[in-house]
2 protein chains.
Amino acid sequence: MTDQSLHGRIRAAILSLDLAPEQRLSERGLEPDFGASRTPIRAALMRLESEGLVQRDGKNWIVAPLNLEEIRVLYEFREILEAAAVRFAVSRASRDDLEELRELANSAEADETPEHSLDAGTSFHLELARISGNPFLEDTMRSVLTRLYRTRWLDVQSAESRGRVHNEHSAIANALLAADPAAAELATLEHLRGTETRLEQSITADRLRLRANGISLRSTATAQ
Amino acid sequence: MTDQSLHGRIRAAILSLDLAPEQRLSERGLEPDFGASRTPIRAALMRLESEGLVQRDGKNWIVAPLNLEEIRVLYEFREILEAAAVRFAVSRASRDDLEELRELANSAEADETPEHSLDAGTSFHLELARISGNPFLEDTMRSVLTRLYRTRWLDVQSAESRGRVHNEHSAIANALLAADPAAAELATLEHLRGTETRLEQSITADRLRLRANGISLRSTATAQ
DNA sequence: CTCTGCACTGTGGTATACCAATATGGTATC
DNA sequence: GATACCATATTGGTATACCACAGTGCAGAG
């Protein structure tokens, strides 16, 4: 997860919330923080913009806001992608691929830090997309998971939630190993809906705490 | 379709095949062609890279190759997106939206130039994605259609093919207006599979002519 | 005290200079 | 004649200078 490139370092700062959502970024202001000059910083910001982690606010740069409506839309879109991925995976993935997937599901159990759980979950879903055999499905899944990454911090705070995610991932992997597409798709949709529900509950519960840390959640679109 | 920005002008040159697939682009070499200096040209190339229209070849830039395997994968991915879009559209789109969609399907009949047919088809599918109500579905559809745009030139060369596309678009719009999701999804999948089949036949038939124009079609991946 | 206007500071956008790496082509040597 | 080597040109990567514009705050006039 640690990328040495400038783009990777700024990206990590955003995903870890070191750079707060909606925080204004100036190209010259980032020079001392990241030890680079404007040109590569500007290039990194443009790339981050295409990933949805940075936006323009007028002609200024800001870290992309967290947006409840966007989360809802992303989860809806993700259901389409994940359902397609499991269908393809059943018919195409090799036994080795599926066993690696189960391995990834289980690896989340050993180390129980929230951070590890978050990255393990990302790896699981990305591997699922990869073994679907369609690179564009994989790329789009990566994009969606990236946009959801910051909010998913909330879901991995409680050990109970991490355990539930682990069980659901195992259920998906097992259904795939059993070559049961209907069961795999059902387990996947249940996982997504459960995760989204828990996430929204966390947001409601933690809203005040988030605001105390300078993080606000918009409930409507911020665009114009 | 005509974008005054530098990015839009280079993009148009690529999509119209004025800049041939696999052609090498040098940042300084593009300065006189587009009347801009390296910095904005470089920014445009980076953005085009994120859209899949330009790639790196080592540290050089090239116009993205046409790739048969990639077309196949894109059509497979597109089936997922379009099927989801029609399902959402049936349950969400307003009557006005659906009638505008039918309008778009019919507008392809009046002006029969290949170029117009191509852009009208793009508009139809983008509008369908828009009225699905999920902006990420729409954005991803736009990305897929962009990547397919250059190869779709082949499909709109014959008047017969243009007429068939028009009929299929009308069938989709009518099924949506009839609020029949199963018929709409079926019509969509038939349209995609028909289009892809015709496209592959065109490619096989026109391969030599394409090569004579300096355009080659790769059948395997070109990456790394 | 208030309001207007101006100077200043900071912003992104652009042009350009410099660098290291690499590809190229010619020349000298064997 | 073939090959090895070196000078040179061209490339992308980076740093920086300059520009126009917008936001801000202070000062002066009323």
Side-chain angles (χ1 to χ4, degrees), chain A residues 2-15 18-65 67 214 216 218 221-224, chain B residues 2-15 18-65 67 214 216 218 221-224:
Chain A
T2 51
D3 186 331
Q4 301 304 333
S5 72
L6 176 63
H7 163 260
R9 284 189 296 142
I10 301 181
R11 184 175 188 274
I14 292 173
L15 292 181
D18 284 343
L19 293 174
E22 304 185 46
Q23 176 177 341
R24 182 169 175 189
L25 304 174
S26 91
E27 298 172 0
R28 287 177 179 90
L30 292 172
E31 290 187 22
D33 297 342
F34 292 93
S37 73
R38 268 187 80 198
T39 308
I41 284 176
R42 190 175 167 77
L45 288 174
M46 289 190 293
R47 191 163 155 202
L48 289 165
E49 184 186 23
S50 76
E51 297 176 53
L53 295 181
V54 150
Q55 293 182 2
R56 307 306 293 250
D57 175 28
K59 73 170 193 173
N60 298 314
W61 298 101
I62 59 169
V63 178
N67 184 315
S216 70
R218 298 176 175 275
T222 60
Q224 77 252 4
Chain B
T2 50
D3 187 333
Q4 300 305 331
S5 72
L6 177 63
H7 163 260
R9 285 189 294 144
I10 302 180
R11 184 176 188 273
I14 293 172
L15 292 181
D18 284 343
L19 293 174
E22 305 185 45
Q23 177 178 341
R24 181 170 176 190
L25 304 174
S26 91
E27 297 171 0
R28 287 177 180 89
L30 292 173
E31 290 187 23
D33 297 342
F34 291 93
S37 73
R38 269 187 79 199
T39 308
I41 284 177
R42 190 175 167 76
L45 289 174
M46 289 190 293
R47 190 162 155 203
L48 290 165
E49 183 186 23
S50 77
E51 298 176 53
L53 295 181
V54 151
Q55 292 182 1
R56 308 305 295 249
D57 175 28
K59 74 169 192 173
N60 298 316
W61 298 100
I62 60 168
V63 178
N67 184 316
S216 70
R218 298 176 175 274
T222 59
Q224 81 250 358

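Quick note on labels: first sequence line is chain A, next is B, and so on, each numbered from 1.
Along DNA chain C, the nucleotide nearest A:T39 and the nucleotide nearest A:R24 are compared for position; the residue whose nucleotide lies closer to the 5' end is A:R24.
Listed pair B:R56 / D:dT11 fails the phosphate criterion, with no side-chain N or O lying under 4.0 Å from OP1 or OP2. For the OP1/OP2 pair of D:dA15 and a distance below 4.0 Å, the side-chain nitrogens and oxygens of A:S37 include at least one atom meeting the criterion.
When all heavy atoms of B:I14 and B:L53 are compared, the pair lying nearest together is CD1-O, 3.9 Å.
Listed candidates were C:dG12, D:dG13, D:dT14. Nearest to the side chain of B:E27 is D:dG13.
Rounded to whole angstrom, the span from the CZ atom of B:R42 across to the C1' atom of C:dG13 amounts to 16 Å. Nucleotide D:dT11 holds its C1' atom 13 Å from the CH2 atom of B:W61, rounded to whole Å. Between B:M46 atom CE and D:dT14 atom C1' the separation is 12 Å, expressed in whole Å. The CZ atom of A:F34 sits 19 Å away from the C1' atom of D:dA15 (whole-angstrom rounding). If you take CG of A:N60 and P of D:dT24, they are 11 Å apart, rounded to a whole angstrom. When rounded to the nearest whole Å, the span between CG of B:L30 and P of D:dT10 equals 16 Å. Separating the CG atom of A:L6 from the C1' atom of D:dG13 is a distance of 12 Å, rounded to the nearest angstrom.
Residue B:L45 is out of contact with every strand shown, counting any heavy-atom pair closer than 4.0 Å. Residue B:I41 is classed as having no contact, given no heavy-atom separation below 4.0 Å to the nucleic acid. At a threshold of 4.0 angstrom between heavy atoms, the contacts of A:S26 are confined to the sugar-phosphate backbone, with no base atom among them.
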Subject >> Protein-to-nucleotide contact annotation, 5' to 3' order, nucleotides 17-23 of chain D [B base; S sugar-phosphate only; - none; under 4.0 Å, heavy atom] >> reply: BB-----

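In this model, no donor atom of one side chain and acceptor atom of the other lie less than 3.5 Å apart for B:W61 and B:Q55.
The side-chain contact (heavy atoms from CB on, under 4.5 Å) test with B:I41 singles out one residue from B:L25, B:L6, B:D33, and that residue is B:L6.
Under the 4.5 Å side-chain criterion, counting only non-hydrogen atoms from C-beta, B:R47 is not in contact with A:M46. Proximity of B:E51 to B:H7: side-chain heavy atoms (C-beta onward) are separated by under 4.5 Å at one or more points. Residues B:E27 and B:L45 form a side-chain contact, since some pair of their non-hydrogen atoms from C-beta on lies under 4.5 Å apart.
Taking the side-chain hydrogen bond (donor to acceptor under 3.5 Å, both in side chains) definition, one finds that A:N60 meets it with A:R24, sequence neighbours left out.
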